[in-house]
Amino acid sequence: MQTPFTPDNQCSAELAELSPWLAAQRQQDIWRVPDSYFDHLPDQIWHQLQPQEDVPDGYFAQLPDKVLQRIRTEENEDPVLDLPVRKQPYRVPDNYFDQLPEQVIPRARQNKIRVVHVQRRWQTIAVAAAVLGAVIIGYFTLQPQENNAQLSFEKLSTEELTDYLASNLDEWHTEQVVELSEQEMTLLIDSTQTEEIEDWVLEDMDIEDLEDLL
Amino acid sequence: MQDLTPSDEQILERFRQPSTRESAFTQLMRKYQERLYWHVRKMVTFHEDADDVLQNTFVKVWKALDNFRGDAQLYTWLYRIATNEALAHIKQRQRKSADQSLDEEESSISERLKADQYFDGDEVDRLLQEAIDTLPDKQRAVFTMRYYDELKYEDMAHILETSVGGLKANYHHAVKKVEAYVKERLNQAM
């Protein structure tokens, strides 16, 4: 496209005089422009002339919290995940951890969530009864005779029995009770006192106290 | 066929009216974009650079057109802004390559032109562009306006706001330097 200026008709002659070689090299068709460039140029310039968009309302007030949240998120990323994975010999059932919360939550809503297997519970009670029976027999045997008439099992509090067991624990290990002969066990179990003790253990004594003692 | 292109006076009159301000400026861009583009392109060589310069030019025109008093022709004023933008762009480009040696800079331009899909010149044309790129600002502006567009010294004096005598001296000097540069490179290649 021609310039808006009137060309100088002396220009070629001047150049030919200054540099004939350069005058011969002059070309005008060495330049090209992308297709449709001029069709879109005004729109591009208008786009530049549009005022910059304002930031959303409250943007700067929320910015510090957003930055802190992002920092915390990045800091909490487990660095272990970036370590080489060690081969683990353990496996869990498929989807175990996915289902675990669903299994735990209903149980957590129950009043007592302590898990005690029935078989272990009765074993514990039996052993406790045997120990307590042996303890009580020993207690009455070792006490002066004149006190026997005044003592009865019902008068012993849980606290007194607990204190006695705790102070004599070295002498009455579970293993000793287990090693009692069948005759001795029968003697213990058949005794009226033992029955009383067993009833007391079953009805009144907290299973957790027994487990702690044993 | 009737020329539907509005005159500069019509464009300026419509620009002064708030209701037609934007459409008048669009008319101005459409009227002068190609002329200014080719003027700029021959100074900065590459299309991408010319595009940057041209957009910056029109943005400045938009901001300054209210202050245009008509002391010169509108197109002379537009060419002045475009020329100054082009020279500023070239200085910025040269600052970026300040860490490179002169040979590396020239080599870079030559390599870019070889790969430039919007440049169809041969080796002499590429060397000519390299030579122009070595010229000082005023010599570069005068050489491209006179060599490619055959502008009168008087018009160039209005655009560059300088004297005709100084422009003639600059042009003569630029022609000699460009010829020497290209011939030297061609002789080295033989």
Side-chain angles (χ1 to χ4, degrees), chain A residues 1-67 70-71 74, chain B residues 8 22 25-35 37-39 41-42 45 47 50-51 54-59 62-63 73-76 78-79 116-122 124-126 128-129 145-156 159 168 171-172 175-176 178-179 182-183:
Chain A
M1 178 175 280
Q2 292 292 322
T3 71
F5 304 97
T6 304
D8 187 352
N9 54 16
Q10 300 296 318
C11 190
S12 295
E14 180 192 38
L15 182 61
E17 186 179 341
L18 286 171
S19 171
W21 181 85
L22 206 53
Q25 305 298 324
R26 187 161 60 172
Q27 296 187 59
Q28 295 286 359
D29 57 351
I30 57 175
W31 317 88
R32 291 195 295 113
V33 67
D35 294 337
S36 305
Y37 169 71
F38 295 111
D39 295 337
H40 304 301
L41 184 61
D43 291 337
Q44 293 180 1
I45 294 168
W46 274 122
H47 183 72
Q48 286 194 38
L49 291 171
Q50 297 301 314
Q52 297 294 320
E53 288 185 6
D54 292 330
V55 296
D57 291 337
Y59 171 77
F60 291 111
Q62 298 168 0
L63 185 61
D65 289 338
K66 285 183 179 178
V67 172
R70 182 171 170 182
I71 290 170
E74 291 181 359
Chain B
D8 291 352
E22 293 190 0
F25 191 70
T26 300
Q27 286 181 324
L28 184 146
M29 286 193 287
R30 294 210 178 278
K31 182 175 181 179
Y32 285 107
Q33 59 181 359
E34 287 195 52
R35 295 165 175 173
Y37 172 86
W38 291 116
H39 170 66
R41 173 75 184 271
K42 290 159 189 171
T45 307
H47 166 72
D51 183 42
L54 191 57
Q55 294 194 33
N56 290 340
T57 296
F58 278 120
V59 169
W62 167 263
K63 293 176 179 175
Q73 292 286 344
L74 178 62
Y75 56 78
T76 302
L78 296 174
Y79 269 67
D116 192 341
Q117 59 177 321
Y118 303 119
F119 186 82
D120 292 335
D122 55 17
V124 173
D125 297 316
R126 288 195 297 271
L128 189 61
Q129 297 308 307
M145 283 191 274
R146 185 81 175 166
Y147 182 76
Y148 289 115
D149 294 336
E150 298 187 332
L151 261 63
K152 295 177 180 176
Y153 285 113
E154 291 75 10
D155 290 332
M156 289 192 289
I159 293 170
K168 283 184 179 179
Y171 180 63
H172 287 210
V175 167
K176 296 297 182 186
V178 168
E179 179 184 3
V182 176
K183 282 186 173 179

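Chain letters run A, B, ... following the sequence lines, proteins first and then strands; every chain starts at 1.
A donor-acceptor pair is defined here as one N or O able to donate and one able to accept, closer than 3.5 Å; such a pair exists between the side chain of B:Q33 and the backbone of A:F38. Put simply, the side chain of B:K152 never gets that close to the backbone of A:Q10: no donor and acceptor are under 3.5 Å apart. With hydrogens and angles disregarded, a donor-acceptor distance shorter than 3.5 Å links the side chain of B:R146 to the backbone of B:L151.
Of the two parts of B:D51, the backbone and the side chain both hold a non-hydrogen atom closer than 4.5 Å to a non-hydrogen atom of chain A. When heavy atoms are compared at a cutoff of 4.5 Å, B:V124 approaches chain A solely by way of its side chain, counted from C-beta outward. Only the side chain of A:L49 has a heavy atom closer than 4.5 Å to any heavy atom of chain B. With a 4.5 Å cut-off on non-hydrogen atoms, A:N9 does not touch chain B at all. Heavy atoms closer than 4.5 Å to chain A are found in the side chain of B:H47, but not in its backbone. For chain A, the nearby parts of B:E22 are the backbone and the side chain; heavy atoms of each come within less than 4.5 Å. At a 4.5 Å heavy-atom cutoff, the contact between B:I159 and chain A is made by side-chain atoms alone. In this structure, no portion of B:Q27 lies under 4.5 Å from any heavy atom of chain A. Contact annotation for B:K63: neither backbone nor side-chain heavy atoms come within less than 4.5 Å of a heavy atom of chain A.
Looking at B:D155 and B:Y75, their side chains never bring a donor and an acceptor atom within 3.5 Å of each other.
Aromatic rings of B:Y148 and B:W38 (six-membered ring for Trp) have centroids beyond the 6.0 Å cut-off, not under it. In this structure, the ring of B:Y171 has its center no less than 6.0 angstrom from the ring center of B:Y147.
Using cut-offs of 30° and 60° on the angle between ring planes, the pair B:F119 and A:W31 is perpendicular. The aromatic rings of B:Y37 and A:Y37 lie tilted to each other, with the angle between the two planes from 30° to 60°.
In terms of non-hydrogen atom pairs under 4.5 Å with chain A, the most contact-rich of B:D125, B:V178, B:D149 is B:D125. Taking chain A as the reference chain and counting heavy-atom pairs below 4.5 Å, the highest number among B:E154, B:H39, B:K183 is found for B:K183.
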